[in-house]
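Structure record follows, encoded as structure tokens.
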Amino acid sequence: MVAAPRDRPCPLSGLVPVCLPGRRGDAAPDDGLYGIPYCQGARYVTLLAIRVTVPMGMGVGGALRHWCLIETGANQAYVFGTNRLRHVVGASYLVHQVGTDWVPDAARRVGANPVVAISGKALLLVDNPAAGRALISDVSMRALERAPGLEVTGVVGPGFDPALAWRPDSLASAPASNTDKPFTHVEALQRTYELLAAARQARPAPQLRDPLLPWYETCRDSGYPAAGVEDHADGGYVAAPVLAKSKVRWRARDRMRELLCDLPEVVPDNLDDLRHDGWIAVIHADGNGVGRVFLQFPEYALRADGTAGLSLERHADLLGQFTRELELATEAALGVAVRDATAGGNAEGTILPVVVGGDDLTVVCHARLALPLVRAFGLAFEEQTAVQPTVNAITGGGLTAAAGIAYVKPHHPFSAAYGLAEELTASAKQVTRVTQAGDREMSSLDFHVSFESTLTDLAGLRGRLEPGGITRYGGPYVITRQDSPPVGAQDISGLDRAIRTVSALSSSMAHYLREGLAAGREEYDQRISRTARSADLPPEVRSDDIEGLASTVAVAGDAAGGRSGQGSGEVRSTRLLDALLLSAVARPAPASVDRQASAAGAEGTP
């Protein structure tokens with residue numbers, strides 16, 4: 001099909017009139033057939049075609065309104081396109097700018113009303129499709145100029161009657177595209193997301209813009225054709241996306257320091273020189289159930305309002321407030337967590353927030369700070385979301401968070417470490433425990449210490465830790481306060497106790513227990529029993545501390561399926577190996593060991 005973008009768009013769908021196959025390109029568009037045009041060389045082709053009957057009196061000059069949706073895509077590939085932290089932080093900043101800076105500025109130019117404007121996403125209301133397309137064009141041009149390589153896709157949704165209130169039963173009777181019944185704002189928003197999915201699937205990948213030919217200079221960091229020399233002490237010829245990321249690295253660093261306004265010194269001056277003692281931690285965290293809330297937001301909003309119908313004004317107001325409050329809660333929780341994790345120690349240059357947007361958080365930090373930072377963040381996130389009025393009303397009491405910690409060597413591929421942290425977050429989300437107050441969701445975490453140089457997924461890594469009838473890792477762990485009642489074997493207080501115990505044991509006694517763990521469950525439990533009765537126990541270690549390291553039932557029933565290689569049923573695990581590894585890789589550095597400046601790649605603050 002050949003599109004005719006010069007013709008008037010459909011007032012209901014916002015799409016462009018197209019011609020039927022077999023007709024001449026200069027023929028008049030087929031009446032009622034509309035689609036998404038995509039420029040292919042000198043002609044337009046149609047990605048999607050639908051037939052729309054425009055109701056009487058609802059032409060271009062009618063009172064219909066439209067949703068305009070803009071989102072970035074393939075964010076992980078863009079942000080982690082190189083293994084240098086300065087590029088990662090710069091890329092994250094550019095994704096954040098799309099929704100929080102470029103879209104609001106373009107919206108003021110065309111008179112659009114932003115409803116949601118967060119990192120990498122914006123949802124707006126426009127009075128006509130032309131205004132929405134002008135906004136999308138403005139943002140797309142900025143992305144091409146300031147963030148080459150970043151996918152930005154935008155669509156204008158079908159027209160809807162802003163006076164119609166949405167009710168839950170209206171979805172069953174939603175109008176088809178060939179009827180004269182107008183959409184409600186909720187039905188129009190659903191179709192706008194469908195149009196975005198179709199447009200994103202049909203568009204060519206950003207890699208096709210820069211084909212690598214044999215005579216091109218190659219970017220050493222990304223593998224794309226070089227476009228210039230990076231302004232950095234160890235910079236060389238790099239691709240256009242890398243140049244753009246590097247250019248904004250100082251602004252990205254300053255934004256993270258503003259988020260941690262009372263502790264800006266924790267963010268390193270040189271973004272590639274994160275302070276460590278041989279190990280770093282990559283942390284990923286996000287809210288539990290937030291995706292479900294957004295998918296069913298109209299139902300949640302109706303329940304919070306206690307009304308029979310949801311108006312456009314109330315829908316837009318609640319959705320905008322919810323997203324803003326959720327982002328504020330995440331930022332505040334990060335600030336609280338950094339203060340708690342660094343209290344009483346020298347934390348200069350040890351923490352680098354990479355992604356802070358919505359309910360998502362990605363942080364790179366010194367290994368010894370990771371566990372206390374994640375624990376403090378989980379508890380603070382619960383508190384901060386509970387005190388935000390709209391978040392509290394929509395969710396019925398606030399949200400919880402899940403986090404994954406990947407402990408890796410400093411030069412481990414960053415994208416692989418982030419992928420592992422994401423898998424650990426998904427693992428942590430499987431934990432649900434019963435407290436004395438009844439069933440309730442709680443914040444949780446999971447971690448893995450990676451000694452492997454091969455890029456293996458979490459299931460493969462943990463599959464090696466499960467032979468012998470016992471699982472040699474204790475996670476995921478439920479995050480609780482020190483004064484909270486116990487919630488079972490997954491309570492993180494049990495990990496605290498295990499770390500204190502193994503840290504006090506002699507090296508020979510710790511080796512004796514670990515050797516027994518490698519021999520299987522029966523041998524391990526026997527050695528635990530012998531060690532608990534040993535007269536050589538340190539005075540600060542009691543027999544019940546040693547017995548707490550014995551294999552226990554970690555999860556049962558359907559939850560057992562979350563562990564690789566385990567089906568439904570009882571799973572026994574031990575916290576010994578977790579405690580030994582954490583005491584080795586995440587212990588504080590000796591006081592005599594000072595930070596060594598990075599010899600390569602050091603750069604001053606501009």
Side-chain angles (χ1 to χ4, degrees), residues 72-97 143-152 204-253 256 267-276 278-280 282 349 352-355 362 364 406 408-421 450 452-456 596-606:
T72 58
N75 289 345
Q76 184 170 343
Y78 180 74
V79 172
F80 306 115
T82 80
N83 203 41
R84 300 184 187 275
L85 282 176
R86 65 178 184 270
H87 300 156
V88 171
V89 174
S92 175
Y93 176 79
L94 289 172
V95 173
H96 181 267
Q97 288 294 96
L144 288 171
E145 295 170 357
R146 305 181 190 180
L150 176 61
E151 283 190 26
V152 180
Q207 290 84 348
L208 297 179
R209 301 174 190 164
D210 299 306
L212 184 63
L213 299 178
W215 54 86
Y216 284 178
E217 183 79 32
T218 304
C219 171
R220 64 174 184 176
D221 294 317
S222 66
Y224 290 119
V229 178
E230 182 183 8
D231 182 16
H232 189 270
D234 66 345
Y237 288 101
V238 296
V242 177
L243 283 175
K245 298 170 187 178
S246 180
K247 184 178 179 180
V248 298
R249 65 187 184 275
W250 302 122
R251 278 179 275 171
R253 184 201 60 186
M256 295 307 174
V267 179
D269 288 332
N270 178 8
L271 297 177
D272 290 318
D273 186 23
L274 186 74
R275 180 179 168 190
H276 60 83
W279 290 88
I280 64 171
V282 179
L352 179 59
V354 175
V355 176
T362 302
V364 188
V408 296
K409 288 293 185 178
H411 296 292
H412 191 90
F414 192 84
S415 59
Y418 174 79
L420 178 58
S450 182
E452 297 84 356
S453 58
T454 56
L455 307 182
T456 308
Q596 295 182 355
S598 177
E603 59 178 346
T605 303

Does a side-chain N-to-carboxylate-O contact under 4.0 Å join R86 and D234?
yes

First locate atom OH of Y216, then atom OG1 of T218, and finally report the distance between them rounded to the nearest 0.5 Å.
11.0 Å

Has the side chain of S415 got a donor or acceptor atom that lies under 3.5 Å from a matching backbone atom of F80?
no

Once ring-ring contact (aromatic ring centres under 6.0 Å, His included) is applied, do any residues pair with Y93, and if so which ones, sequence neighbours excluded?
none

Quick one: CG on L94 to CG on N75, what's the gap to the nearest 0.5 Å?
11.5 Å

Does R84 pair with D272 as a salt bridge, N-O distance under 4.0 Å?
no

Do L150 and V152 touch side chain to side chain, with heavy atoms closer than 4.5 Å?
yes

Below 4.5 Å, heavy atoms only, C-beta onward: do S450 and H412 meet side chain to side chain?
yes

Can you name the nearest heavy-atom pair linking G149 to P241, along with the distance?
CA-CG, 4.2 Å

Residues in side-chain hydrogen bond (donor to acceptor under 3.5 Å, both in side chains) contact with H276, at least two apart in sequence or another chain:
none

If I take atom NZ from residue K245 and atom OG1 from residue T82, how far apart are they, to the nearest 0.5 angstrom?
6.0 Å

Nearest heavy-atom contact between G349 and L274 is O-CD1, 3.6 Å

For A417 and V282 the tightest heavy-atom approach is CB-CG2, 3.8 Å

Gap separating the OH atom of Y237 from the CZ atom of R220, nearest 0.5 angstrom:
12.5 Å

Is any side-chain heavy atom of P353 closer than 4.5 Å to a side-chain heavy atom of V267?
yes

If every non-hydrogen atom of P410 is compared with every non-hydrogen atom of G278, which pair is closest and at what distance?
CD-O, 3.4 Å

Taking the side chain as every heavy atom from C-beta outward, state whether D221 and N83 have any atom pair closer than 4.5 Å.
no

Mind listing the closest non-hydrogen atom pair of W279 and K409 along with its distance?
NE1-NZ, 3.6 Å

Can a donor-acceptor pair be found, under 3.5 Å and without considering hydrogens, that links the side chain of R249 to the backbone of S246?
yes

How many angstroms lie between atom OG1 of T72 and atom OH of Y78, to the nearest 0.5 angstrom?
10.0 Å

Of all heavy-atom pairs between P148 and E145, which one has the smallest distance, and what is that distance?
CD-O, 4.2 Å

Report yes if the side chains of V242 and C219 come closer than 4.5 Å at any heavy-atom pair, otherwise no.
yes

Rounded distance [0.5 Å steps], CZ in F414 versus CD1 in I280
7.0 Å

